[in-house]
Engineer: 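Have a look at this one.
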Amino acid sequence: MINKKEYSNWLTAMQLTHPLVIAGPCSAETEAQVLHIAHQLKDTDATVLRAGIWKPRTRPGNFEGVGKVGLQWLQTAKQETGLLTATEVANPKHVELALKYDVDVLWIGARSTVSPFIVQEIAEALKGTDKIVLIKNPVNPDLALWLGAVERIYMANVNKIGVIHRGFSSYEKTKYRNTPEWQIPIDLKNNFPDLPLICDPSHITGNRDLIFDISQTALDLNYDGFMIETHHTPDDAWSDAAQQVTPEVLVQIMSNLKVRDKNISDGDYLSRLNLLRSKIDVLDDKLMHMLMQRMYIVDEIGGLKRDNNVSILQAERWNTILQKMIQQGHDNQLSEAFVTTFFKAIHQESINHQQKIINEK
Ligand code: PEP
Ligand code: MN
């Protein structure tokens, strides 16, 4: 196990900005693209240029990264702009090449963190490196896997370690590409208070319009930095187009964010409040999703009734549902008045739907 006190806070030691901003394209596409974006980022809050060289794609047949040639482009970008560079490594060969081309920050992607075998191989390839190593959360909401990956890297005598929160997969569709599950990174932070925690709102949201809000929540929870996918023409990006922002938008996002003072007396209050609010947001999304699914079934029943020439309102069935729900509400401290209003509204909406369907040709 890691001795918590052994962490040297490399963020402070290296005099990197607070919050740390890592920005750049999802993927390196061409030398001109990498250099163009790097020059645009040079005078922003970003101090590290990210670009995926090898891209983990869920399904085969998509663009899988430019490979080794892109490492040379990152090196040129560093020479021309002074930005540090960052890329994902997913096997020992990637590590060897990234170190050879002097990449400053190597990150382990979400699809690698899930595999202790892969993490161990990467750890051995990184042994004793002075480079910064950031570990993304695993795709599944499993704190132990994430902690285990941190421990494997730490045991390889890497001391500039940090973690990146990029959200977790869920089968259920929500408004996020990967749901934040804020409790998991917070639990990780409680285990390792000195470990820098970076938020990747791009992969959490999958949608550039939601990046600001997630970033503000991260700051309210005392995160140490961001990794934000940035592209000069996001809609033309070869991967993750919908979630990338332009360098201009990145500047706007950063200037509108409120950095909270960690030491203000109500910091704890704000963190707790925001954590609770983010839980409510997730539940509200689920609630809407369930209502939508319920309505699909109501529509199907409408079709059945139409085809069999049966009337919409079946009072007996409706009364049974309502009484059952009132009883359940009672058992769960929800008032009869609330449950009745809520289900009457759902019932009315269902009747409206079925009325439309029954009168369809
Ligand atoms: C990425 O950063 O482009 C990436 C592939 O991220 P993740 O591992 O979080 O999916
Ligand atoms: Mn990406």
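Order of appearance sets the numbers: ligands from 1, and atoms from 1 within every ligand. The model shown is predicted, which means the values in this text are computed figures rather than measured ones. Both backbone and side-chain heavy atoms feed into the values below; hydrogens, waters and symmetry mates do not.
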Engineer: With a cut-off of 4.0 Å, which atoms of ligand 1 are near a heavy atom of R111?
Structural biologist: 7 (P), 8 (O), 10 (O)
Engineer: Is there a nitrogen or oxygen of D200 sitting under 3.5 Å from a nitrogen or oxygen of ligand 1?
Structural biologist: no
Engineer: If two hydrophobic side chains count as joined below 4.5 Å and joins carry through other members, does F212 share a cluster with L210?
Structural biologist: yes
Engineer: Find all atoms of ligand 1 within a distance of less than 4.0 Å from any non-hydrogen atom belonging to R166, and give their numbers and elements.
Structural biologist: 7 (P), 9 (O), 10 (O)
Engineer: Where does the angle between the aromatic ring planes of W182 and Y223 fall among parallel (under 30°), tilted (30 to 60°) and perpendicular (over 60°)?
Structural biologist: perpendicular
Engineer: Excluding sequence neighbours, so at least two apart, what forms side chain to side chain contact (heavy atoms under 4.5 Å, CB included) with M295?
Structural biologist: V298, E349, S350, H353
Engineer: In terms of ring plane angle, is the pair H232 and H36 parallel, tilted or perpendicular, where the classes change at 30° and 60°?
Structural biologist: tilted
Engineer: Give me the nearest non-hydrogen protein atom to atom 6 (O) of ligand 1 as residue plus atom name, then the distance to 0.1 Å.
Structural biologist: K136 NZ, 2.9 Å
Engineer: At a 4.0 Å threshold, what atoms of ligand 1 neighbour a non-hydrogen atom of K55?
Structural biologist: 1 (C), 3 (O), 5 (C)
Engineer: In the protein, which heavy atom is nearest to atom 5 (C) of ligand 1, and how far is it?
Structural biologist: E88 OE1, 3.7 Å
Engineer: Determine which of the N, O or S atoms in E229 is closest to the Mn ion (ligand 2) and give its atom name.
Structural biologist: OE2
Engineer: For ligand 1, is C26 a contact, meaning one of its heavy atoms is under 4.0 Å away?
Structural biologist: yes
Engineer: Closer than 4.0 Å to some heavy atom of G109 - which atoms of ligand 1 meet that?
Structural biologist: 8 (O)
Engineer: Which atom names give the shortest non-hydrogen contact between Y101 and Q75, and what distance separates them?
Structural biologist: O-NE2, 3.3 Å
Engineer: Looking at atom 4 (C) of ligand 1, what's its closest protein heavy atom, distance included?
Structural biologist: H203 NE2, 3.5 Å
Engineer: Looking at ligand 1, does any of its N/O atoms fall within less than 3.5 Å of an N/O of A110?
Structural biologist: yes
Engineer: Within the supplied structure, the quantity of interest is the number of heavy atoms (other residues, nucleotides, ligands) at a distance under 6.0 Å from R277 CZ; does it exceed 12?
Structural biologist: no
Engineer: So which of the N, O or S atoms of D240 lies nearest the Mn ion (ligand 2)?
Structural biologist: OD2
Engineer: Checking I132 against W10 for the side chain to side chain contact (heavy atoms under 4.5 Å, CB included) test, could you report, in this order, the C-alpha distance in whole Å, the side-chain angles of both residues, the deciding distance, and whether it holds?
Structural biologist: CA-CA 8 Å; I132 296 165; W10 51 268; 3.6 Å; yes
Engineer: May I have the list of side-chain donor-acceptor pairs in residues 313-322 shorter than 3.5 Å, sequence neighbours left out?
Structural biologist:
from : atom 1 : to   : atom 2 : distance (Å)
T320 : OG1    : E316 : O      : 2.7

Engineer: Does ligand 1 come near enough to D240 that some N or O of the ligand is less than 3.5 Å from an N or O of the residue?
Structural biologist: no
Engineer: Looking only at side-chain N and O atoms, does S278 offer a donor or acceptor that is under 3.5 Å from a partner on T217?
Structural biologist: no
Engineer: Taking 4.0 Å as the limit for heavy-atom contacts, which would you say applies to M227 with ligand 1: side chain only, backbone only, both, or neither?
Structural biologist: neither
